[in-house]
Amino acid sequence: MRGVSDLHSPVLAWYDEHARALPWRGNGATAWSVMVSEFMLQQTPVVRVLPMHAQWLERWPTPTALADDDSGEAVRAWGRLGYPRRALRLHAAAVAIRDQHGGQVPESYDDLVELPGVGDYTAAAIASFAHGRRHVVLDTNVRRVLARAVSGEEFPPPSVRKAERELATSLLPEDAPTAATWAVATMELGALVCTATNPDCDRCPITDRCAWVAAGRPAYDGPARKVQSWAGTDRQVRGRLLAVVRESAGAVPRRRLDQVWTDDAQRERALASLVVDGLLVRVEPDHFALP
DNA sequence: TATGCGTGGAT
DNA sequence: TATCCAAGCAT
């Protein structure tokens, strides 16, 4: 096997030439704009995030601006991005930044990961992309690139294992600026070339040293990768219920919510779970509104 | 570790 | 049409 350092130069050169000019990259970006983008990009494609990100940054250009607004406004402005708990958590994170960090997005991983809605990936991403710090940034793109290029497998295991993290750590460039570029470059390579389906190996800068290509691109044979169901699930009902309230000016009477789903028990369960999650509040005997 | 959590485009 | 997938997090 070639030394792992052989991967760095071609990937970094490829990124320098092919990186997308996204609003949360480059000189115009702030730590806050990076943070907003990372929340929105959790399980959501870039093309759908772009317009929402612009709207949010125009309306709430700083963490304090968002923190000073109602959390319900964040949920409403989240629109149809999906997983609206992210909006609630981003608002809560903004409150924590205003109250505990002087209104400035924290720079350290340890401070970031304490914020609501910020896990290992997002903390590392903000620390790396916004502050130039040296961290292993292990998202689904990076995991897939390393699984193929180094491990010779089509897909990584369902969850991050110790060996996988150790591999990513061993590949991380020593100096912080290069490590940060390496992180975003491997993510970009996974997003644009080394995709989950139909990877474009002909355009890949490391195809000549890719273990998976060398092995003849064998099909994935690990544990079954489960795809979540949608039709008929509580998630679908929750989505319909919240959409009604989101698109209404004020509180919504229960009888309007009754119309979005015929199964009474499931509808009530979904409604109750939205209240538990804090996405809806019961404001009158039988009315519901955003928080 | 396994599960639940939205939405919509691509194949 | 049904399935897969998209920069995860919290429990």
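Note that the coordinates shown come from a computational prediction; the quantities given were computed from them, not determined experimentally. A note on names: the letters A, B, ... follow the listed sequences, proteins ahead of strands, and every chain is numbered from 1.
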Item to check | Pairwise P distance for C:dA7 and B:dT11, with rounding to whole Å | outcome: 15 Å

Next on the checklist: In whole Å, I'd like the distance from the CD atom of A:Gln236 to the P atom of B:dC5.
Outcome noted: 12 Å

Item to check | Closest nucleotide among B:dG6, C:dC5, B:dG8 to the A:Arg80 side chain | outcome: B:dG8

Item to check | Sugar-phosphate, base or nothing in reach of A:Arg235, heavy atoms under 4.0 Å | outcome: base

Next on the checklist: Between the side chains of A:Glu268 and A:Arg254, is the shortest nitrogen-to-carboxylate-oxygen separation below 4.0 Å, so that they form an ion pair?
Outcome noted: yes

Next on the checklist: Mind checking if A:Arg25 touches a base, just sugar-phosphate, or nothing, with heavy atoms under 4.0 Å?
Outcome noted: base

Checklist entry - So which heavy atom on A:Phe129 is nearest to which on A:Ala183, and how close? => result CE2-CB, 4.0 Å

Checklist outcome for this item: Between A:Pro158 and A:Thr44, the residue closer to the 5' end of DNA chain B by nearest nucleotide is A:Pro158

Item to check | Sugar-phosphate, base or nothing in reach of A:Arg225, heavy atoms under 4.0 Å | outcome: sugar-phosphate

Next on the checklist: Need one value for A:Leu242: base, sugar-phosphate or nothing, where a base atom within 4.0 Å counts as base even if backbone is also close, heavy atoms only.
Outcome noted: nothing

Next on the checklist: Apply salt bridge (Lys or Arg N to Asp or Glu O under 4.0 Å) to residues A:Asp264 and A:Arg267 and explain how you reach the verdict.
Outcome noted: CA-CA 5 Å; A:Asp264 291 345; A:Arg267 191 184 62 247; 3.1 Å; yes

Checklist entry - Going by heavy atoms closer than 4.0 Å, what residues in residues 117-142 of chain A are next to DNA chain C? => result A:Gly117, A:Val118, A:Gly119, A:Asp120, A:Tyr121, A:Thr122, A:Asp139, A:Thr140, A:Asn141

Checklist entry - Over how many whole Å does the gap from A:Arg165 atom CZ to C:dG8 atom P extend? => result 14 Å

Checklist entry - How would you label the contact of A:Arg238 with the nucleic acid (heavy atoms, under 4.0 Å): base, sugar-phosphate, or nothing? => result sugar-phosphate

Item to check | Minimum-distance nucleotide to A:Pro84 side chain [options: B:dG6, C:dA7, B:dT7] | outcome: B:dG6

Checklist entry - Counting N and O atoms only, with roles assigned by atom type, does the side chain of A:Arg246 sit under 3.5 Å from a partner on the main chain of A:Arg80, one being a donor and the other an acceptor? => result no

Item to check | Proximal nucleotide (of C:dC5, B:dG6, C:dC9) relative to the A:Gln42 side chain | outcome: C:dC9

Item to check | A:Leu241 CG to B:dG6 P, straight-line distance once rounded to whole Å | outcome: 11 Å

Checklist entry - If you look at every strand shown and take non-hydrogen atoms under 4.0 Å, does A:Leu22 touch a base, only sugar-phosphate, or nothing? => result base

Next on the checklist: Classify A:Pro116 by what it touches in the nucleic acid, base, sugar-phosphate, or nothing, heavy-atom distance under 4.0 Å.
Outcome noted: sugar-phosphate

Next on the checklist: If you count heavy atoms of other groups shown closer than 6.0 angstrom to CZ of A:Arg20, is the number above 12?
Outcome noted: yes

Next on the checklist: Mind checking if A:Trp24 touches a base, just sugar-phosphate, or nothing, with heavy atoms under 4.0 Å?
Outcome noted: base

Checklist entry - Taking NZ from A:Lys226 and P from B:dT3, how many angstroms apart are they, rounded to a whole number? => result 6 Å

Item to check | Whole-Å gap separating P (C:dC5) and CG (A:Asn198) | outcome: 11 Å

Checklist entry - Of A:Val184 and A:Leu115, whose nearest nucleotide on DNA chain C comes first from the 5' end? => result A:Val184

Checklist outcome for this item: Nearest heavy-atom approach of A:Asp70 to A:His91 is C-NE2, 3.8 Å

Item to check | Contact residues, residues 253-279 of chain A to DNA chain C [heavy atom, < 4.0 Å] | outcome: none

Item to check | Distance (rounded to the nearest 0.5 Å) between A:Leu241 CG and A:Leu279 CG | outcome: 11.0 Å

Checklist entry - Any side-chain N or O of A:Arg161 less than 4.0 Å from the OP1 or OP2 oxygen of B:dT1? => result yes

Checklist entry - Relative to A:Tyr220, does A:Arg225 satisfy both conditions: NZ or CZ under 6.0 angstrom from the six-membered ring centre, and within 45 degrees of the ring's axis? => result yes

Checklist entry - Do other residues, nucleotides or ligands put more than 12 heavy atoms under 6.0 Å from the CD atom of A:Glu247? => result yes

Checklist entry - Which value, in whole Å, describes the distance between the P atoms of nucleotides C:dC9 and B:dG8? => result 23 Å

Checklist entry - Is any side-chain N or O of A:Gln228 under 3.5 Å from a base N or O of B:dC5, one able to act as donor and the other as acceptor? => result yes

Item to check | Atom of A:Arg86, atom of A:Leu81 and distance for their closest heavy-atom approach | outcome: NH2-O, 3.3 Å

Checklist entry - By side-chain contact (heavy atoms from CB on, under 4.5 Å), which residues pair with A:Pro61, not counting sequence neighbours? => result A:Ala65

Next on the checklist: Nearest to the A:Ser159 side chain among B:dT1, C:dA6, C:dA7, which nucleotide is it?
Outcome noted: B:dT1

Next on the checklist: What is the separation between atom CH2 on A:Trp230 and atom C1' on C:dC4, rounded to the nearest whole Å?
Outcome noted: 15 Å

Checklist entry - Rounded to whole angstrom units, what separation is found between the OH atom of A:Tyr83 and the P atom of C:dT11? => result 16 Å

Checklist outcome for this item: A:Arg144 CZ to C:dC4 C1', in whole Å, measures 12 Å

